[in-house]
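I have placed the structure first, in the form of structure tokens, so that the comments after it can refer back to it.
Whatever order the structure lists them in is the order used to number ligands and atoms, beginning at 1. Residue indices begin at 1 and follow the sequence shown.
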Amino acid sequence: MTSIDACRPRDRTRFVVRTIAMVALWFLPATGTGTAQNVGPHPYRPGIDVLDYDITLDLPDRGNTIDGRAVLSIRRSAQVDTLVLDLVSLRVDSVLVNSQAVTFTRTDSLIRIPIGRIVGDSFSVAVRYRGDPKDGFIIRTDSTGRWTGFGDNWPNRARNWIPGIDHPSDKATVTWTVRAPSERTIVANGELTEVTPMPSGAGGSARTLTRWRESRPIPLYLMVIAAAPLVYYDLGRAGCGVGEFDGCVRQSVYVYPELRDYLPGPFANAPGIVRLFSELVAPFPYEKLAHLQSSTRYGGMENAGAIFYSDGAFRRRALRPGLIAHETAHQWFGDAVTEREWSHVWLSEGFATYFEKLWVERFAGDSAFKAEMRGIREQIIKAPEVASRPVIDTAQTDLMKLLNTNSYQKGGWTLHMLRALVGDSAFFRGLRSYYLANRHSTALTDDLRRAVEASSGRPLGWFFDQWLRRPGYADVTTSWRFDASQRRVVATITQGARFGAYRFPVTVAVTDASGRERRATIDVPASATATLVLPLDLDAAPRTVVFDPDVRVLGTFTAR
Ligand SMILES: [Zn+2]
């Protein structure tokens with residue numbers, strides 16, 4: 001997702017502010033369900049794997065009460081006697097296991113279901129439930145009386161309206177069946193499979209059954225529906241030959257009717273974005289890609305096949321194309337390949353951050369790309385969490401605090417440096433093999449490391465440890481002298497003690513006495529001081545020597 005660009009007093013559980021000038025994010029203390037859950041290396045619900053959710057929701061004409069039935073197809077891989085499902089607050093009316101009613105127990109956030117007596121390792125669990133979701137499914141009625149409901153689950157708020165295993169390690173397919181007043185458009189993950197008028201409800205209003213099916217496994221935090229009086233704008237079938245399904249990717253935008261004339265607006269970029277990422281990585285992984293005006297608390301939220309953007313960005317008619325690129329990149333990284341543990345969320349946000357910049361590089365050119373990478377580097381250097389915590393932050397238990405400069409900007413910059421280290425060819429081959437090996441499944445950082453080690457033929461443990469498991473960045477002081485006897489520049493690189501010394505290649509641009517620029521790359525070792533000879537023959541002392549002209553090292557450079 002992209003971080004919050006507005007604060008919404010109507011959000012009941014948390015109030016979040018982003019100050020753009022300061023870049024860093026602050027989160028005020030949370031109440032409710034967002035905090036303190038498993039981010040460590042242990043399985044969330046050992047021995048249990050949900051394969052499919054079949055969710056039926058009845059939405060009200062007015063008010064906040066939803067009626068739900070969720071049928072979970074589950075595989076058990078170890079002897080587990082009690083199935084524990086996450087569901088906050090809502091009333092559970094019944095639980096069936098393999099169609100037999102069972103006696104379950106309920107806490108405010110869990111359902112405990114006995115499964116000790118079932119035979120075999122595959123079974124179904126059907127949960128009937130009802131109530132007003134506190135969060136996760138955001139119901140609002142606007143000033144003109146329009147009822148709207150939007151799923152907004154990150155990180156673990158799906159449990160407020162969907163009974164399930166609410167952790168990114170457990171991915172499943174999902175069918176959504178939604179019965180609602182006919183004036184609402186229902187959009188969800190996957191492919192639209194049914195729209196059927198129903199007999200009128202008690203209030204006499206016409207109702208419609210709408211069904212969507214997502215046939216690729218996704219985590220619960222990406223399972224959403226939208227239910228609002230949205231109008232459809234077809235972006236066409238672009239990127240033909242680059243889709244995982246029928247070879248094309250159908251894209252569309254859903255907005256409130258009064259925003260219809262804004263379209264396609266920034267979404268004119270959407271086909272090119274999908275084409276680029278399909279070329280760089282692999283075919284688009286889902287049945288379609290819809291972009292929606294929504295009630296998400298984030299700037300954008302990358303729900304699989306149905307990206308939700310903040311209402312405010314639409315109303316201001318100020319939705320950035322870069323935001324579309326970021327959320328679209330998540331369809332591959334985060335959605336199709338999902339971090340198995342929250343502490344590895346940079347595999348989602350760092351990738352989306354960097355792929356947004358790769359789109360800039362392709363469509364706006366090299367100097368725009370460099371300027372953006374320089375801008376991100378300045379944000380990283382200023383961020384207090386970068387100085388105090390590593391990107392892979394296994395000690396952080398407040399998941400909202402993982403949405404920080406480490407996961408986004410420093411994660412993206414780590415990919416940028418990996419690319420500089422191994423070269424474009426090995427970098428993109430490694431990314432593709434990492435993606436293809438883990439597509440529709442989950443991954444950890446070591447999966448990426450192994451893939452790029454294989455594509456580059458180089459051990460990279462030191463690189464990943466240095467940039468992702470340690471706080472900080474390189475603090476570099478440079479000086480140089482011309483050695484007339486060798487006819488070469490001798491560079492001295494000193495690294496500050498604050499974050500320790502880093503190992504990195506750095507390019508040096510030398511403008512010789514005739515005004516010609518020449519470049520060389522030297523390998524700086526992880527030591528406090530290094531003296532390195534540039535492999536360039538010069539007839540006389542150069543006019544200037546510039547370190548890291550291409551913005552490829554995450555550090556501060558001071559010339560002495
Ligand atoms: Zn994101």
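No side-chain heavy atom of V337 sits under 4.5 Å from any side-chain heavy atom of L347.
Ring-plane geometry between W332 and F277 is classed as perpendicular, the angle between the planes exceeding 60 degrees on a 0 to 90 degree scale with a lower cut at 30.
Tested against Y309, the residues E327, Q293, H291 include a single side-chain hydrogen bond (donor to acceptor under 3.5 Å, both in side chains) partner, H291.
Between D465 and R470 there is no salt bridge, since no side-chain N of the basic residue sits under 4.0 Å from a carboxylate O of the acidic one.
Angle subtended at the Zn ion (ligand 1) by H330 NE2 and M1 O: 160°, rounded to 10 degrees.
Closest N/O/S atom of H326 to the Zn ion (ligand 1): NE2.
The nearest N, O or S atom of E349 is closer to the Zn ion (ligand 1) than 2.8 Å. The Zn ion (ligand 1) has no N, O or S atom of Y298 under 2.8 Å away, backbone or side chain.
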